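The structure under discussion appears below in the form of structure tokens.
Predicted model only: the values in this text are computed from it and were never measured.
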Amino acid sequence: MPCYAIDGLIPVVHPSAYVHPTAVLIGDVVIGPGCYIGPCASLRGDFGRIVIQEGANVQDSCVVHGFPKSETVVEQNGHIGHGAVLHGCVVRHDALVGMNAVVMDEAEVGAFSIVAACAFVRAGQKLPAKSLIAGLPAKVMRELSEDEMRWKRQGTETYQQLTRRCQASLVEVQPLAAEEAGRPRLPDSDYGTLQALKRESGSGSTSA
């Protein structure tokens, strides 16, 4: 992976984590056990510290950064959807930030909460636990149901499984010129179940 030291600070990646080869880590970045860092994610610890705790995922094209002396933290089992931007904020344990959402400086997303896709969390905004958060600017819509929190937990577990799958079998290859006969499908996963649960719970805007 592209991994760079700055001012003598070298990123730290736990051996059980998976960081895609196209992700970029710079400086004061700490990736904990079992984490997944997706393709083209940029974790730029050249001003402030970035900490991704155990079991969390930061998906494709996410940007994580912060002002000097700041800490950007994704706590245990945090779930950061495709294209999200985190800047000098804290995402508490078991929370989800949806696709293309933005969480600004000194904001805090409460434990088990879900920030909907494309939401904008203002600088300094403190959001409670177990809440559905949406809008520009973001606001608390309602308390999450047990089904919604279960959906989030299962989604994060799917990414933890993906970490292990990538470690076991993801390799760079040359593409085939044509589809082979009897092309196999990927192994079964919980994705279909997760999608059904999301529809039932009415949390379709939280895509991650």
When you check the side-chain N and O atoms of [X] and [Y], is any donor under 3.5 Å from an acceptor?
X	Y	answer
Gln59	Tyr159	yes
Gln160	Asn77	yes
Asp46	His65	yes
Glu148	Ser145	yes

Whether the side chain of [X] engages the backbone of [Y] through a donor-acceptor N/O pair (distance < 3.5 Å, no angle test) should be reported.
X	Y	result
Gln167	Ala17	yes
Ser113	Val109	no
Gln154	Trp151	no
Glu75	Asp94	no
Ser70	Pro68	no

Tell me whether [Y] is reachable from [X] by hopping between hydrophobic residues (I, L, V, M, F, W, Y) whose side-chain heavy atoms are closer than 4.5 Å.
X	Y	answer
Val102	Ile133	no
Leu43	Val73	no
Val30	Ile50	no
Val85	Val115	no
Val64	Val13	yes

Rounded to the nearest 0.5 Å, how far does [atom2] of [Y] lie from [atom1] of [X]?
X	Y	atom1	atom2	answer
Asn57	Tyr36	CG	OH	8.5 Å
Leu144	Met149	CG	CE	6.0 Å
Ile114	Leu127	CD1	CG	13.0 Å
Ile80	Ile37	CD1	CD1	9.5 Å
Met104	Glu106	CE	CD	10.5 Å

Could you pull out the closest heavy-atom pair between [X] and [Y], with the gap in Å?
X	Y	value
Asp28	Arg49	OD2-NE, 2.7 Å
Thr72	His87	OG1-C, 4.1 Å
Gln53	Cys35	O-SG, 3.0 Å
Cys40	Thr22	N-OG1, 3.0 Å
Arg122	Gln125	N-OE1, 3.0 Å
Ala119	Ala134	CB-CA, 4.2 Å

Check against salt bridge (Lys or Arg N to Asp or Glu O under 4.0 Å), Lys130 and Glu143: CA-CA 6 Å; Lys130 299 183 179 180; Glu143 188 173 335; over 6 Å; no

If you draw a 6.0 Å radius around [atom1] in [X], do more than 12 non-hydrogen atoms from other residues or ligands fall strictly inside?
X	atom1	result
Glu180	CD	yes
Leu170	CG	yes
Lys139	NZ	no

Ring centre gap for Phe47 and Phe67 strictly below 6.0 Å: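 Centroid distance Phe47-Phe67: not below 6.0 Å, so no.
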
Output field: ring centroids Phe112/His93 closer than 6.0 Å: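 Centroid distance Phe112-His93: below 6.0 Å, so yes.
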
Stepwise side chain to side chain contact (heavy atoms under 4.5 Å, CB included) check, Val74 with Leu86: CA-CA 9 Å; Val74 179; Leu86 306 181; 3.6 Å; yes

Heavy-atom side-chain contact between [X] and [Y] under 4.5 Å:
X	Y	result
Val97	Val103	yes
Val140	Leu132	no
Thr156	Thr158	no
Thr163	Gln161	no

Audit row: Gln76, Ile52, side chain to side chain contact (heavy atoms under 4.5 Å, CB included) steps and yes/no: CA-CA 8 Å; Gln76 187 174 16; Ile52 312 298; over 6 Å; no

Under 4.5 Å side-chain linkage, directly or through intermediates, the cluster mates of Val24: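 Members alongside Val24: Tyr4, Ile6, Ile26.
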
